[in-house]
> 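My questions will all concern the structure given below.
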Amino acid sequence: MMLKKGIRLINTLRQQREAVAINSGICYAAQETIPEVQFRHITFTPLFQEGAVLPKRDWRSLTETEWTTLNPVSKATDSNNVFLGELPDSLIQRFKSLPLLEAGSIEDIYTIFRKHEDLAKELNNDINAFLTSIADGKPFKFRCFGVSFPNLLSVSGEFSHLPKDHAPTDVRYIGFHNDCTSEMSIHTAYRFGNRISINFGSEAREFLFVNLTLIQAYNMIKAQRPESLSGVTLVTLPNVFFKLFPDYPILKIKLQPYQYYIAPTDNCFHDGRTLGNTSFDMTMIFFGAFRKLTA
């Protein structure tokens, strides 16, 4: 399928086009050979939920027509754009002042912050100043540290109900999904802002997304097979969409350390990946209504 005009891309990375790739659609985790994860003393093969969707691995550069399709429109909002950028040098140095790359778990991250309280406060102040500059005058809040093993085909899993001492094989990864809460519906998800995810690990990580809003995906299903929408919810919408449109292209963004993406993850199908990495993956995530329009 051809890329449709939907969610656009505003890219202020130094790599520009080299950071972006496209493929020919999805496959299912059950059809994939899942690579083994080896990290420190841990070795395991990740397990996936039934029906979990992953991208095909036939990545290529975008054509000029595809770049034009992704060009931003004049009104760049938090719900119809993905923004890419990198932190200011001063903020990067703040991150580097803390030995965060020594972390091998989320508990390690918090321990490092407690041990270096003054440096952590300075980092927090600088992050807040940076986020304020791109927050479009709206409030924002810290969501979490995102931590993932290296060499994962998907970093998105069911973690919320697992015990603190769970084994890696207790996790079931979910692949492509859209974030959602009970306050949202398919037709209101666009109202809930976006998130910024900052890579402060030591290796590049990948953000994968479909450049369609949920309403666009819903309308495509409605036009082709309206009976499929019976009982569809925010949670089941991705599975219905990918069954009907498995060849809709996926976009892949490669983010180097101290780069970030801003995306309406409530309003699009997406996932993250650490395939090929060997070190611990770490991100800092905030919710708001962020925009980054210039380099």
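Quantities reported herein were computed from a predicted structural model and do not represent experimental measurements. Side-chain atoms are counted along with the backbone in the values below, which use heavy atoms only and exclude waters and symmetry mates.
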> Give every donor-acceptor pair under 3.5 Å between a side-chain atom in residues 37-55 and any protein atom, sequence neighbours left out.
from: Q38; atom 1: NE2; to: E36; atom 2: OE1; distance (Å): 3.0
from: R40; atom 1: NH2; to: E102; atom 2: O; distance (Å): 3.2

> Output all residues satisfying ring-ring contact (aromatic ring centres under 6.0 Å, His included) with Y190, sequence neighbours left out; order by chain, then residue number.
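Partners of Y190 by the ring-ring contact (aromatic ring centres under 6.0 Å, His included) criterion come out as none, since no residue qualifies.
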> Taking salt bridge (charged side-chain N to carboxylate O under 4.0 Å, His left out) as the test, write out the residues that go with D281, two or more places apart.
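Once residues adjacent in sequence are excluded, the partners of D281 under the salt bridge (charged side-chain N to carboxylate O under 4.0 Å, His left out) criterion are R205.
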> Taking side chain to side chain donor-acceptor pair (under 3.5 Å) as the cut-off, I'd like each qualifying pair that reaches into residues 242-258, sequence neighbours left out, listed once.
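Listed by first then second residue: N211-Y248.
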> My understanding is that only residues two or more places apart in sequence, or in another chain, count here; which of them pass side-chain contact (heavy atoms from CB on, under 4.5 Å) with R225?
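side-chain contact (heavy atoms from CB on, under 4.5 Å) list for R225, sorted by chain: E227, S228, L244.
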> Would you mind listing every salt bridge (charged side-chain N to carboxylate O under 4.0 Å, His left out) that reaches into residues 259-273, with sequence neighbours excluded?
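Every salt bridge (charged side-chain N to carboxylate O under 4.0 Å, His left out) pair that includes a residue of residues 259-273, provided the two are not neighbours, is E206-R273.
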> Who pairs with T181 by side-chain hydrogen bond (donor to acceptor under 3.5 Å, both in side chains), at least two apart in sequence or on another chain?
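Checked T181 against side-chain hydrogen bond (donor to acceptor under 3.5 Å, both in side chains); matches are E183.
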> Under the side-chain hydrogen bond (donor to acceptor under 3.5 Å, both in side chains) test, which residues partner T274, sequence neighbours left out?
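None.
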> Just list the side-chain donor-acceptor pairs under 3.5 Å for residues 130-141, sequence neighbours left out, or say none.
from: T132; atom 1: OG1; to: N128; atom 2: O; distance (Å): 2.7
from: S133; atom 1: OG; to: F130; atom 2: O; distance (Å): 2.5
from: D136; atom 1: OD1; to: R291; atom 2: NH2; distance (Å): 3.3

> How would you list, by chain and number, every residue that makes a side-chain hydrogen bond (donor to acceptor under 3.5 Å, both in side chains) with T233, sequence neighbours excluded?
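Checked T233 against side-chain hydrogen bond (donor to acceptor under 3.5 Å, both in side chains); matches are T236.
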> For K121, which residues count as a salt bridge (charged side-chain N to carboxylate O under 4.0 Å, His left out) partner, sequence neighbours excluded?
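With sequence neighbours excluded, K121 shows a salt bridge (charged side-chain N to carboxylate O under 4.0 Å, His left out) to E117, given in chain and number order.
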> Identify every side-chain donor-acceptor pair in residues 87-96 under 3.5 Å, counting partners at least two apart or on other chains, and give the distances.
from: R94; atom 1: NE; to: D126; atom 2: OD2; distance (Å): 2.6
from: R94; atom 1: NH1; to: E122; atom 2: OE1; distance (Å): 2.9

